[in-house]
Amino acid sequence: MSDTITSGLGGTTDASTGRFGRTRAYRPWVPTPDARRPMLADAALAAALGLLAVQAFAPSFGGNVWWSIGGLGVLVGALIAYAIVQFKLSPVASVLATVAGFFIFGAHAVPDASIAGWVPGPSTPGALFDGITHGWARLMTTVPPVGTVDHIAAIVFGCGYFATLGALLLARRTSSVWLPSVLPMVVAVVAILVGTHQPASTLAQGGALAFGAVIWASVRSSRNRPRVHVVGANAWTTRATAATFVVLIAAAALLVANAAAPSTRFVLRDHTQPPFDPNNYPSPLTGFPKWRDLAQPKSAARNQTVMTVSGMPASVPVRVAVMDVYDGNVWLVGGPSNTNDLSGSGRFRRVGSDLSSTAAPDPGTSVQTVGPTTKVDARISLEHYNDVWVPTFSGARSMSFGGADSRGLAQQLRFNTTTESAAVGAGISSGSNITVRASVPVVSYVGGAQRDAIVGSRPADPGVALPPIVDTPTGQNFTVKSEADKLSSGAKTDYKKAKDLESGLRRSGQAFYSDGINEVNGNPFSKFSSGHNLYQLGQFLSIVNPNNANTPMFIGNSERYAAAMAVMARLEGLPARVVMGFRASVSTTPARTVDGVTTFTPDQADAWVEIAFKGVGWVGFFPTPPRTQNDIPKQPDKSFSKLPADVQAQPPVSPPPNPAILQKQNKDKHSEPTKSNPFHIPAWVWLLLKIIFYPLILIAAIVGAIRGLKEWRRRRRRSRGSPVDRVAGAWAEMLDHLRDLGAKVPRKGTRLEVAGAIPTDVWEPITGFAAGINAAMFGPDDPTDESAESIWVYVDEQRAETLEGLERKRRWLTQLNLASLKPWR
């Protein structure tokens, strides 16, 4: 027998080894030792682009989250893709490896669902799946930086992981020079869209990514061109020219990206409905009478502890809620649908524990806090407190929860950057504790000479846009405005005007404190119903002073005094809002402080006013007189009021401009809050998704099963048994491929007989291939592993060539043909 046998395979077969030769160069997808360098270059460049892509998440996540979690995702994605290529994994095995890599190494992205923060646990897969699917909505409604709260960090891990893995697989499967760079660029664009107005770096997000894409494209392009070996001095000239050309292109891309960057970025979070709507809850100020009822001398709850605060100076007040919209009936946290919420006080967003957001402020919030601050690192422990509004401090920078349902509270926490107030839709209750770090502006709670020294002669902040006071058809705010003009008539500056309103409302002999529960000294105005609509405020400001008929007399509690001063200040052109909370020194029995722990009871509940001044921020004003100032004089007759006759004839409470809003405000304070669904999808959309999605899933499962089964069979034939078995398996594999192409392959007969029965237009080299297989199997020497592998490489090449010549539709039908899987063939 001759040393070589013509195989009909386009080459020859060595009879001694059975090794097939090829007449043309062959570059298999699986990297050979000579192809490792391009593979490693692609892996390095894919990882670099992946890092640049996830770096765009930095403003959203803050700290080192994007680096530690996103970088890990990039690294693991590159390693998994390299393993898929290096070990020639089947599609099924590749999917399994991809899923396993994501759920094993992704544990670091969901530390609260992992063991020790990085080891996968039973709840890790569910947490990762929840984060990668539902985390997008949370990310866009959470005030950045979000950290790792509520599984959101799974997004940055998943983006880095799948972008790098997909880019590297595309680089090894396609010859396109640009396609592998698309995935990292898409991730960068998505990260920008869900990010903030202030990117981490325009150069990093645009220029550097373009630079990396150009470099990778040039490297890949050079592989597809014939190699020209240049020696000598010209070699260095050629390389320098090529390098300069690449750098110039990248620099141009960088400059274009930097120049094209808009001054105002479009981000999706600006167009996302916040999940917490304060208008679904009663105004906090309407709940003030509840605290006063509990604080009455005969109340059993008078001395019960509402909350204790440690690590806080006793002079710093605890804030519960801030209200800057007045609709003629109540002060609201943010405007209802029929008002223009210019300040943004109604926009509560998800936050992590870090509240020091770098996001652009809401419209109408040009106030910047300057001047001295009080550092607070406090712990608030709730004992008899149940509400949606979370106690905190002005200038809060971080907040975390402990005690009952701490994890649930952290997930539901909403924060308003305009008013620096917090809320939990499901409510926060007794047994919880809150750790708050804050830099409280001193000007927000001090008075007297200290406040004067800080504010000086500064004007009111013109950049604060607040909606106007809503008037009633009878013009009831006329009474409030006229009294405001009287109290502040001599003021030359905005600050002096605010001080005059404050001092005038609490002036001794003119202002008296009463909770309106009991009549004092026979004065009917000392007993009144709660509320602060315009009629009630007009009545409050129009009582005749029996000691001086030319001056008014004010009788009320903090609800009335704070509401009245805020309305008066707004009618005088000052940006004012009402704050409700707890102050240690407000009551006749100040809060008890022992060993740095201050105990607040219902008696310390209070309401006050804040007005924004340019360059200073929100300045606190306290118009309520001391509670000891309660010796209300007796009225001599029943004509108590200076109100016009048409106003006096009206009922005690005027109808609201919007009855629907008042109905919401008058709900029981302890009623179950209405949960809003900001991402509501209509039922018909769900139905359409089901009609389309489920069939697509079924089709994908069938396609995957057919291709996976064929790939499993091919790998089994190629890797199992002796070289003789693997050579026979190559023949069987090629026959199955011809069956899928539509050829009628005889079930019985020798290889040459079977080859003769197959038309040459299906596959021309079939006869030579059969002869070559016979030569390899029945030659003087048994086939070796190398010869068996060379035959399989030839089979892969011929399968690819036969498919390449088909139309796309025919190619897919061939790969999904069940002819080769029939058990009776």
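Just the heavy atoms: all of them, side chains too, but no hydrogens, waters or symmetry mates, feed the values below.
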Heavy atoms, side chains only, cut-off 4.5 Å: are [X] and [Y] in contact?
X	Y	value
V579	V609	no
M399	T435	no
D603	F582	no
E610	S444	yes
F393	V309	yes
S283	M323	yes
F600	R583	no
Y161	L72	no

Quick one: [atom1] on [X] to [atom2] on [Y], what's the gap to the nearest 0.5 Å?
X	Y	atom1	atom2	result
R570	I611	CZ	CD1	10.5 Å
I115	T124	CD1	OG1	7.0 Å
I434	I428	CD1	CD1	4.0 Å
R414	N416	CZ	CG	13.0 Å
T286	N329	OG1	CG	11.5 Å
F348	T417	CZ	OG1	9.5 Å

Side-chain donor or acceptor of [X] paired with backbone N/O of [Y] under 3.5 Å:
X	Y	value
T373	S439	no
E502	F622	yes
S114	P111	no
S432	G403	no
D130	T133	no
Q536	N533	yes

Worksheet entry | Given V424, V322, V333, the one that forms side-chain contact (heavy atoms from CB on, under 4.5 Å) with W389 | V333
[X] versus [Y], closest heavy-atom pair with distance:
X	Y	answer
A498	F621	CB-CZ, 3.6 Å
I454	P372	CD1-CG, 3.8 Å
N386	S430	OD1-N, 3.7 Å
A396	V436	CB-CG1, 4.1 Å
I155	G131	CG1-O, 3.6 Å
C159	V187	CB-CG1, 3.8 Å

Worksheet item: Taking only residues two or more places apart in sequence, or in another chain, which ones meet H384 in a side-chain contact (heavy atoms from CB on, under 4.5 Å)?
Response: Q304
Fill in: Single hit among W118, F103, F102 for ring pair (Phe, Tyr, Trp, His ring centres under 6.0 Å) with F157
F102
Quick check on [X]: does its [atom1] atom have over 12 non-hydrogen neighbours (other residues, nucleotides or ligands) under 6.0 Å away?
X	atom1	value
R437	CZ	no
F162	CZ	yes
F105	CZ	no

Worksheet item: Under 3.5 Å, is there a donor-acceptor pair linking the side chains of T593 and T598?
Response: yes
Fill in: Distance-only polar pair, side chains of D606 and S558, donor-acceptor under 3.5 Å
yes
Discussion item. Let's go through W608 and Y561 carefully: what are the C-alpha distance in whole Å and the side-chain angles of both, what is the deciding distance for ring pair (Phe, Tyr, Trp, His ring centres under 6.0 Å) to 0.1 Å, and is it a yes or a no?
Written reply: CA-CA 8 Å; W608 59 97; Y561 279 100; over 10 Å; no
Discussion item. For Y326 and W331, take the angle between the two ring planes, folded into 0 to 90°, and tell me which bin it lands in: parallel under 30, tilted 30 to 60, perpendicular over 60.
Written reply: tilted
Worksheet entry | Ring centres under 6.0 angstrom apart (W618, F613) | no
Practice prompt. Would you please test V442 and T374 for side chain to side chain contact (heavy atoms under 4.5 Å, CB included) and show each step?
Written response: CA-CA 6 Å; V442 172; T374 299; 3.6 Å; yes
Discussion item. Salt bridge check, K614 against D461: does any charged N sit closer than 4.0 Å to a carboxylate O?
Written reply: no
Worksheet item: side chain to side chain donor-acceptor pair (under 3.5 Å) with T601: which residues, sequence neighbours excluded?
Response: Q604
Worksheet item: Stepwise, does the side chain to side chain contact (heavy atoms under 4.5 Å, CB included) test hold for S68 with H108?
Response: CA-CA 9 Å; S68 62; H108 182 52; 4.1 Å; yes
Worksheet item: L571 and V567: side chain to side chain contact (heavy atoms under 4.5 Å, CB included), yes or no, with the steps?
Response: CA-CA 6 Å; L571 293 176; V567 173; 4.0 Å; yes
Practice prompt. Dump the intermediate steps for side chain to side chain contact (heavy atoms under 4.5 Å, CB included) on V318 and T392, then the final yes or no.
Written response: CA-CA 6 Å; V318 179; T392 183; over 6 Å; no
